[in-house]
Amino acid sequence: MELTTRYYTAYGLTIASAIPLPPLHPIAPAPVDLTIRRGHLPESPVPEETKLYRAGLNARFARTDAAMLWLNWSPRLSFMAVNGNELVVDTTETDDDLIALFTLSEALGLILYQKGYFLLHGSAIQINHKGVVFLGEPGAGKSTTVAAFAQKGVGVLSDDMVCIRTDEAGTSVLIPAFPQLKIWQNSVDGLQLSTNGLTPVREGVNKFSWHESLTFDDAAVPLAQVFVLTPPDASAGSCSKLPASQVPVELLRYFPLPDALLSGDGLNEYFEKSVAIARTTPLFRMSRPADFAKLYGFVDDLKTTL
């Protein structure tokens with residue numbers, strides 16, 4: 001039984017956790033927004049298949065209503081998100097890094113969803129106190145692009161899951177996640193990053209976590225631009241702006257949680273927030289430069305124009 005409560009902050013939330021959550025940095029005890037604890041989960045409704053994979057496992061999802069959501073990564077871990085303020089972890093795993101890997105991804109995303117945030121599968125940075133989001137299918141180069149910005153001293157806001165708060169006036173701000181950027185070996189080599197400051201994400205996978213020396217910004221910033229990256233091709237570096245009318249449908253493709261949440265009121269709410277974002281935030285589709293010198297050129301251009 002865990003006896004120690006650890007306090008952290010992520011996505012603007014103060015978290016009290018009964019399990020260690022590397023790479024989050026501990027903070028002093030404070031009033032909490034979210035409690036994470038171990039426990040045996042009650043039986044869920046019949047779970048549904050999802051498109052979510054982590055560490056080679058496919059997640060299954062269930063819910064009674066919006067206040068109780070299950071995510072099952074059988075046989076390793078299961079989660080239940082309750083009312084946006086409690087996350088219950090059911091596992092016999094003893095590897096803290098592995099537990100944190102699952103907890104700080106889609107499981108925490110369920111809590112953010114319950115709190116009403118707009119979520120995207122992507123990465124984000126801040127330049128001149130403005131937020132920029134990078135979306136794209138696996139292999140498009142989101143983390144590589146963000147790592148190139150980080151090398152130039154640009155602050156990273158989030159990796160893997162982007163959290164946006166949209167108010168009634170239609171203003172959208174990016175909520176910082178926590179200081180971590182996960183990058184593959186080929187990106188480490190291409191960017192010539194020193195492996196001294198990197199740690200393996202998990203044993204047996206050629207992927208690394210950059211967190212110790214990473215420049216991380218913990219202040220929310222206005223959302224300024226969104227880029228949808230496509231894999232490098234003959235038109236590498238080309239960039240085109242999408243009409244605002246197409247932005248909501250485009251954003252829908254990058255919802256990071258089970259698709260079952262995008263039905264009924266959940267779909268209507270997500271669409272309304274994406275329309276609000278489309279009114280104020282330009283979205284560009286860009287083929288990522290395959291050449292790292294050209295990638296750095298894009299970094300320098302955006303730093304000076306934003």
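In this chain, residues are counted from 1 in sequence order.
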With rounding to the nearest 0.5 angstrom, report the CG to CD distance, N268 to E272. 6.0 Å
Please list every donor-acceptor pair under 3.5 Å in which a side-chain atom of residues 297-306 meets a protein atom from a residue at least two apart or in another chain.
{"residue": "K303", "atom": "NZ", "partner": "K152", "partner atom": "O", "Å": "3.2"}
{"residue": "T304", "atom": "OG1", "partner": "D300", "partner atom": "O", "Å": "3.2"}
{"residue": "T304", "atom": "OG1", "partner": "D301", "partner atom": "O", "Å": "2.9"}
{"residue": "T305", "atom": "OG1", "partner": "D301", "partner atom": "O", "Å": "2.9"}

Judged by modelled atom types alone, do T166 and S172 share a side-chain donor-acceptor pair under 3.5 Å? yes
OG on S274 to OH on Y254, rounded to 0.5 Å: 14.0 Å
Heavy-atom check, side chain of V156 versus side chain of T215, under 4.5 Å: no
Would you say I111 and V88 are hydrophobically clustered, going by side-chain heavy atoms of ILVMFWY under 4.5 Å? no
Which residue, T35, L71, I36, forms the side-chain contact (heavy atoms from CB on, under 4.5 Å) with L87? I36
Is a donor from one side chain sitting under 3.5 angstrom from an acceptor on the other, for D160 and S123? no
Taking side chain to side chain donor-acceptor pair (under 3.5 Å) as the cut-off, I'd like each qualifying pair that reaches into residues 57-68, sequence neighbours left out, listed once. E49-R60, R63-S263
Cluster overlap F284 with I125, hydrophobic side-chain contacts below 4.5 Å: yes
Nearest 0.5 angstrom please: L119 CG to L108 CG, how far? 9.5 Å
Check: Q126 side chain, V132 main-chain N or O, donor-acceptor pair, under 3.5 Å: no
Scan the side chains in residues 177-189 for donor-acceptor partners under 3.5 Å anywhere in the protein, sequence neighbours excluded, and list what turns up.
{"residue": "Q180", "atom": "NE2", "partner": "S209", "partner atom": "OG", "Å": "2.9"}
{"residue": "Q185", "atom": "NE2", "partner": "D189", "partner atom": "OD1", "Å": "2.9"}
{"residue": "S187", "atom": "OG", "partner": "T144", "partner atom": "OG1", "Å": "2.5"}

What's the spacing between L34 CG and N85 CG if we round to 0.5 Å? 7.5 Å
M68 side chain near W70 side chain, heavy-atom distance below 4.5 Å: yes
Treating T281 as the side-chain partner and A278 as the backbone partner, does any N or O pair qualify as donor plus acceptor under 3.5 Å? no
Apply side chain to side chain donor-acceptor pair (under 3.5 Å) to N72 and list each qualifying residue two or more places apart in sequence or on a separate chain. S78
Can you tell if the side chain of L174 reaches within under 4.5 Å of the side chain of S158, non-hydrogen atoms only? no
Minimum side-chain heavy-atom gap E137-R253 below 4.5 Å: yes
Are F61 and V82 linked, directly or through other ILVMFWY residues, by side chains that come within less than 4.5 angstrom of each other? no
Within the side chain of Q114, is there an N or O that forms a donor-acceptor pair under 3.5 Å with the backbone of A81? yes
CG-OH distance between L104 and Y11, expressed to the nearest 0.5 angstrom: 8.0 Å
Quick one: pull up NE2 in H129 and CG in D217 and give me the separation to the nearest 0.5 Å. 8.5 Å
Can you run down the salt bridge (charged side-chain N to carboxylate O under 4.0 Å, His left out) pairs that involve residues 9-19, sequence neighbours left out, and say none if there aren't any? none
Heavy atoms, side chains only, cut-off 4.5 Å: are L193 and F208 in contact? no
Using only atom types and a distance under 3.5 Å, with no angle test, would you say the side chain of K142 pairs donor to acceptor with the backbone of G136? yes
Are any of the side-chain heavy atoms of K130 and Q225 separated by less than 4.5 Å? no
Per the salt bridge (charged side-chain N to carboxylate O under 4.0 Å, His left out) rule, what does the pair list look like for residues 15-28, sequence neighbours excluded? none
Assert yes or no for the condition that the ring centre distance of Y113 to Y270 is strictly below 6.0 Å. no
Check: T145 and L295 side chains under 4.5 Å, non-hydrogen atoms: yes
Pick one: which of P22, P20, P23 meets side-chain contact (heavy atoms from CB on, under 4.5 Å) with D97? P22
Between the side chain of Y8 and the main-chain N/O of L21, is any donor-acceptor distance below 3.5 Å? yes
Answer yes or no: is there a side-chain heavy-atom contact under 4.5 Å between V173 and L223? no
Would you check if the side chain of K273 reaches a backbone N or O of D167 as a donor-acceptor pair within less than 3.5 Å? no
In terms of side-chain geometry, is the basic nitrogen of D90 or R38 positioned less than 4.0 Å from the acidic oxygen of its partner? no
Is there a donor-acceptor pair under 3.5 Å between the side chain of T103 and the backbone N or O of I99? yes
Going by the angle between their ring planes, with limits at 30° and 60°, are F134 and F227 parallel, tilted or perpendicular? parallel
Would L267 end up clustered with L257 when hydrophobic side chains under 4.5 Å apart are linked, directly or stepwise? yes
